[in-house]
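Accompanying notes for the structure given below.
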Amino acid sequence: SSALMAQNYTPLLDPISNTWHYTANWIPVRVAQSPAANCDYGQCIFGSSIYYTDGDTLINGITYKIINHENPLMTSGPCRYGYMREDTLLKKIYFVDHDLAPEMLAYDFSLNQGDQISLQFMFPGFFPDGTYTVDTVQIINTISGQKRMLELLPQSNPFSTPLQWIEGVG
């Protein structure tokens, strides 16, 4: 006989309301600047930013959460940042930018130690674009309970500080 222990997946997106407060940190996907957009894409403004869901919408027959962005340092007010959906069965989160570019994988919580994933970042610098390997997977304690944390290392610099993804947090 054998014993099997597993943790239930903790979704990132709440079905009703989501709000994320960031300090000089953004959703890790590359988006293009649209001249008509009321957003500050591509500008790294230090301070605080708020991303929040603002209802649902259908894109190509798939339901997405509408993601808005506000930066207290910008006077333009909230902007439509993009759209996000979560496949809780596959444990993956997808993002579509405000220009409805092709869907991009933002997070993959189905990864296990040794798995690889290709990542591009909106603001290059701290973490390089490229292939990442899942170095460790562990359970950590958070305010909302135990969560699975993945630590990813870039293949270009495997001795750097790991990128950390936490289920239910991002």
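Positions are given from 1, in the same order as the sequence printed here.
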| note | Across all chains, not counting sequence neighbours, the salt bridge (charged side-chain N to carboxylate O under 4.0 Å, His left out) partners of Asp115 are none
| task | For Glu86, enumerate each residue passing the salt bridge (charged side-chain N to carboxylate O under 4.0 Å, His left out) test, keeping only those at least two apart in sequence or located in another chain. | result | none
From [X] [atom1] over to [Y] [atom2], what is the distance, rounded to the nearest 0.5 angstrom?
X: Thr142; Y: Lys147; atom1: OG1; atom2: NZ; result: 5.0 Å
X: Phe127; Y: Ser156; atom1: CZ; atom2: OG; result: 11.5 Å
X: Ile139; Y: Ile166; atom1: CD1; atom2: CD1; result: 11.0 Å
X: Asp54; Y: Asn18; atom1: CG; atom2: CG; result: 11.5 Å

Shortest non-hydrogen contact from [X] to [Y]?
X: Thr161; Y: Leu153; answer: C-CD2, 4.3 Å
X: Gly114; Y: Thr133; answer: O-CG2, 3.9 Å
X: Leu150; Y: Asp108; answer: CD2-O, 4.0 Å
X: Asp97; Y: Asp99; answer: OD1-N, 2.8 Å
X: Tyr83; Y: Thr57; answer: CD2-CG2, 3.5 Å

| Residues Tyr64, Leu58; criterion side-chain contact (heavy atoms from CB on, under 4.5 Å); working and verdict | CA-CA 6 Å; Tyr64 286 83; Leu58 282 176; over 6 Å; no
| request: Take Leu152 and Asp135, measure what side-chain contact (heavy atoms from CB on, under 4.5 Å) needs, and give me the verdict at the end. | output: CA-CA 6 Å; Leu152 298 95; Asp135 181 59; over 6 Å; no
| message | Working note: Thr131 + Gln116, criterion side-chain hydrogen bond (donor to acceptor under 3.5 Å, both in side chains); need CA distance, chi angles, decisive distance, verdict. | response | CA-CA 7 Å; Thr131 302; Gln116 295 181 345; 5.8 Å; no
| Glu70/Tyr52 under side-chain contact (heavy atoms from CB on, under 4.5 Å): CA gap, chis, key distance, verdict | CA-CA 9 Å; Glu70 288 186 33; Tyr52 58 93; 3.1 Å; yes
4.5 Å side-chain heavy-atom contact, [X] and [Y]:
X: Tyr107; Y: Leu12; value: yes
X: Ser110; Y: Leu90; value: no
X: Arg80; Y: Ile66; value: yes
X: Leu105; Y: Phe95; value: no
X: Leu119; Y: Asp129; value: no

| Any residue meeting side chain to side chain donor-acceptor pair (under 3.5 Å) with Asp14, in chain and number order, not counting sequence neighbours | none
| query | Do Thr88 side-chain atoms and Lys91 backbone N/O form a donor-acceptor pair below 3.5 Å? | reply | no
| query | If two hydrophobic side chains count as joined below 4.5 Å and joins carry through other members, does Val96 share a cluster with Ile62? | reply | yes
| message | Using the side-chain contact (heavy atoms from CB on, under 4.5 Å) definition, which of the options Lys92, Lys65, Glu103 pairs with Arg85? | response | Glu103
| request: Check the angle between the aromatic planes of Tyr9 and Phe109 and answer parallel, tilted or perpendicular using the 30° and 60° thresholds. | output: tilted
| task | Evaluate whether atom CG of Asn112 has more than 12 neighbouring non-hydrogen atoms of other residues, nucleotides or ligands under 6.0 angstrom away. | result | yes
| message | For Leu13 and Met84: C-alpha separation, side-chain torsions, deciding distance, then whether side-chain contact (heavy atoms from CB on, under 4.5 Å) applies. | response | CA-CA 9 Å; Leu13 297 175; Met84 191 175 276; 3.8 Å; yes
| Salt bridge present between Arg148 and Glu167 (N-O < 4.0 angstrom) | yes
